[in-house]
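Note that the structure is predicted; figures quoted are calculated from it, not measured. All ligand and atom numbering here is 1-based and tracks the order in the structure.
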Amino acid sequence: MSRWDYVIVGAGSAGCVLADRLSADGTAQVLLIEAGTGTPETRPEVQVPILFPRLFGGDLDWNFATVPQRGLADRAIPIPRGKAVGGSSVINAQLWTRGHRADYDAWAETGLDGWSHDDLQPYFERAEQRISLTGLRHPLPVTPAFVNACAHLGYAPAAEVQEGYALARATHRDGLRHSSADAYLAPARKRPNLTVRADTFVRRVVFEGTRAVGIEVEGDSGTETIRAEREVILAAGSVGSPHLLLLSGVGPAGELSRHGVPLVQDVPSVGRDLTDHLLVPLAFEAEGFWSPGANASSEQIAQYLRDRHGAMDSIISEALLFLRTRDELEAPDIEVVHLVVPLGEHQRPAAHGLALGVILLRPRSRGTITLRSADPHDAPLIDPGYLSDEAGDDLATLVAGVRSAQQVLRQPEFAQWMGKPLTDGALSEEIDDITAYIRTTGGSIHHLVSTCRMGADEHSVVDPNFAVRGLTGLRVVDASTMPSIVRAHTHAPVTMLAERAADVFLQQR
Ligand SMILES: Cc1cc2nc3c(=O)[nH]c(=O)nc-3n(C[C@H](O)[C@H](O)[C@H](O)COP(=O)(O)OP(=O)(O)OC[C@H]3O[C@@H](n4cnc5c(N)ncnc54)[C@H](O)[C@@H]3O)c2cc1C
């Protein structure tokens with residue numbers, strides 16, 4: 001029988017980093033378990049940058065949805081999550097953003113010593129030596145028009161500090177997606193002390209008293225228990241990790257007892273503090289340009305894979321604008337992302353178009369992940385509680401953000417590329433119209449975090465060493481452990497977090 005020191009659950013953005021770093025010196029036996037396929041890179045939709053929306057709802061996506069959101073006209077919002085070796089980095093939009101200094105300094109101010117912006121930069125730098133980053137090789141003409149419109153409105157180019165406008169940086173190598181599996185696992189896979197088991201669904205963590213000793217999995221040969229001599233590390237993501245803790249008896253005692261799950265440890269905040277970035281798409285028909293990839297045929301895709309040339313290397317989000325809706329703020333509270341495809345659900349769908357996505361960067365609303373049932377195959381209830389903050393600050397900030405984006409849309413050099421709005425009200429300046437527009441079109445930009453929140457306080461789920469409070473042998477490292485949401489797309493921050501966790505684990509061996 002095999003003997004494993006570390007058993008890592010989930011081969012996503014965090015899990016791939018951990019598997020590589022913990023196996024690097026050859027002394028520990030590392031097993032990385034993943035529910036999804038081990039060979040996602042065989043799909044053109046994974047490789048060709050522009051095609052990622054075609055992956056939503058397919059077999060590389062867990063295909064979750066929220067419970068109906070009162071703040072969003074009672075709509076259930078789709079929540080895609082990657083299900084493959086590489087995790088969400090296999091289906092994501094490939095943007096790489098580090099976040100703002102204020103995000104990390106705020107973590108340090110809560111008592112997380114060593115987690116300030118300056119402390120964390122070396123971990124971003126380490127990640128950027130592994131993940132290949134490139135600028136846009138063929139931006140559409142509408143993209144410099146967006147940048148010029150921002151400049152004319154007085155915004156500055158973003159440089160050291162993430163504020164103002166910038167062209168996108170993409171996780172690409174040679175015109176193809178560069179996932180965490182490509183960056184971290186591919187070079188490590190030949191090590192004899194690292195085993196990757198794909199197509200293996202984890203049901204729960206197994207305990208002896210309060211010590212985690214392994215996991216129960218379903219694979220080709222049925223259900224089995226895999227022991228971990230040193231540690232079980234959950235890296236199953238912001239939905240998967242709290243779900244596994246709850247299924248294993250670690251969570252709010254009342255909730256577990258309602259579902260008949262035997263209690264191992266009462267940790268009331270498991271699944272609490274769910275935070276996500278809400279995006280409102282102001283979308284328009286295209287005027288004088290074609291959205292790349294919209295109707296790409298299999299011949300065109302094969303051609304791109306051969307020569308890697310042309311607009312199919314677009315990641316749809318070609319430029320970003322980080323802005324403050326009030327001068328007195330210490331950092332941006334809104335991001336406007338310039339999309340060269342009219343993503344989102346609209347009254348009049350169109351293949352070719354553009355959109356400005358208005359993103360609420362520091363939402364006050366909080367939500368939950370809770371058990372639907374004790375069956376591991378029943379997806380948990382996901383309730384991000386969008387726009388549920390009592391004071392209504394989130395809605396007020398988004399209204400101001402929409403107005404700022406409308407100013408960009410009205411700049412003549414940008415407006416010349418826009419046709420009719422795809423949903424009525426996109427250009428209305430009336431507060432009631434904007435509010436209705438936000439409620440009927442807002443959706444997730446897929447940055448769910450903090451459901452197993454790390455903190456120096458005793459109410460957090462994991463301590464600053466990523467250990468689950470009250471238990472031994474169990475850590476959580478992924479987007480779920482983020483102390484609070486950052487002003488960034490979350491792949492880079494999660495990769496940084498995992499780089500730092502690997503350091504902590506290696507120091508504590
Ligand atoms: C559609 C989409 C677009 C996005 N776009 C961007 C972007 O452009 N830029 C950006 O920075 N961020 C983006 N993000 C967010 C970013 O990709 C995620 O925050 C990040 O990948 C999360 O990493 P993670 O390690 O926490 O989880 P994941 O990468 O999701 O990894 C979790 C892994 O655990 C596995 N798993 C879960 N449960 C089990 C189980 N029971 N048994 C076995 N395995 C299990 C999953 O299959 C998955 O592989 C996007 C996300 C999505 C979904």
Side-chain angles (χ1 to χ4, degrees), residues 7-18 32-38 40 49 52-53 55-57 59-64 78-99 131 168-171 177 179-181 184 196-205 215-219 233-245 247-248 276-277 279 315-317 320 337 339 343 357 376-377 379-380 443-452 476-482 485-486 488-498 501:
V7 172
I8 303 166
V9 177
S13 299
C16 291
V17 178
L18 293 168
L32 177 63
I33 302 258
E34 169 56 46
T37 174
F52 69 90
L55 296 164
F56 301 170
D59 62 343
L60 303 186
D61 178 6
W62 287 85
N63 211 1
F64 297 126
I79 302 288
R81 298 276 95 193
K83 186 180 186 183
V85 168
S88 295
S89 78
V90 161
I91 68 165
N92 77 9
Q94 304 145 83
L95 269 170
W96 183 265
T97 53
R98 283 193 188 184
I131 296 194
R169 282 206 298 171
T171 51
R177 175 190 294 273
S179 74
S180 302
Y184 283 94
V196 181
R197 240 177 97 170
D199 300 309
T200 305
F201 179 80
V202 178
R203 296 172 58 84
R204 64 186 186 99
V205 180
I215 52 172
E216 187 181 286
V217 304
E218 284 168 26
I233 305 170
L234 298 184
S238 286
V239 178
S241 288
H243 191 210
L244 278 168
L245 286 179
L247 292 167
S248 311
D276 189 18
H277 285 149
L279 176 145
I315 57 170
I316 295 180
S317 318
L320 317 171
V337 57
L339 308 164
L343 287 186
H377 288 287
S444 177
I445 189 172
H446 320 307
H447 295 166
L448 288 76
V449 298
S450 301
T451 48
C452 302
V476 186
V477 182
D478 54 27
S480 75
T481 48
M482 233 183 249
I485 201 159
V486 290
H489 300 249
T490 41
H491 177 47
V494 170
T495 310
M496 173 280 291
L497 202 84

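The main-chain N or O of G82 is never found under 3.5 Å from a side-chain atom of D61 such that the two would form a donor-acceptor pair. Judged by distance alone, with hydrogens and angles left aside, the side-chain atoms of R177 form a donor-acceptor pair with the main-chain N or O of V90 at under 3.5 Å.
For a threshold of 3.5 Å applied to N or O pairs, the pair formed by G10 and ligand 1 contains no separation below that value. Remark: ligand 1 and A93 share an N or O pair separated by less than 3.5 Å (distance only, no angle test). No N or O atom of R81 sits closer than 3.5 Å to an N or O atom of ligand 1. Between I445 and ligand 1, no N or O atom pair is found at a separation short of 3.5 Å. Considering backbone and side-chain N/O atoms, H489 comes within less than 3.5 Å of an N/O atom of ligand 1. For ligand 1, none of its N or O atoms has an N or O atom of D478 under 3.5 Å away.
H491 and S13 share a donor-acceptor pair across their side chains, judged by distance under 3.5 Å alone.
The shortest contact between atom 27 (O) of ligand 1 and any protein heavy atom is with G237 CA, 3.6 Å. Closest protein heavy atom to atom 44 (N) of ligand 1: A35 N, 3.1 Å. For atom 47 (O) of ligand 1, the nearest protein heavy atom (residue, atom name, distance) is E34 OE2, 2.6 Å. In terms of protein heavy-atom proximity, atom 12 (N) of ligand 1 is closest to H491 N, 3.3 Å. Looking from atom 21 (O) of ligand 1 to the surrounding protein, the closest heavy atom is S13 OG, 2.6 Å. In terms of protein heavy-atom proximity, atom 40 (C) of ligand 1 is closest to V202 N, 3.8 Å. In terms of protein heavy-atom proximity, atom 9 (N) of ligand 1 is closest to L95 O, 2.9 Å. Regarding atom 25 (O) of ligand 1, its nearest protein heavy-atom neighbour is A14 N, 3.0 Å.
Counting heavy atoms closer than 4.0 Å to ligand 1, residue Q94 contributes backbone atoms (N, CA, C, O) but none from C-beta onward. Neither the backbone nor the side chain of S180 comes within contact range of ligand 1; no heavy atom lies under 4.0 Å. At a heavy-atom cutoff of 4.0 Å, ligand 1 is contacted by the backbone of A84 but not by its side chain. Under 4.0 Å from ligand 1, the heavy atoms of W62 that appear belong solely to its side chain. Within the 4.0 Å heavy-atom criterion, the part of F56 lying near ligand 1 is the side chain and not the backbone.
Using 4.0 Å as the threshold, F52 has no heavy atom nearer than that to any atom of ligand 1. At least one heavy atom of T200 lies less than 4.0 angstrom from ligand 1.
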Worksheet item: Can H277 and I485 be said to form a side chain to side chain contact (heavy atoms under 4.5 Å, CB included), step by step?
Response: CA-CA 8 Å; H277 285 149; I485 201 159; 3.5 Å; yes

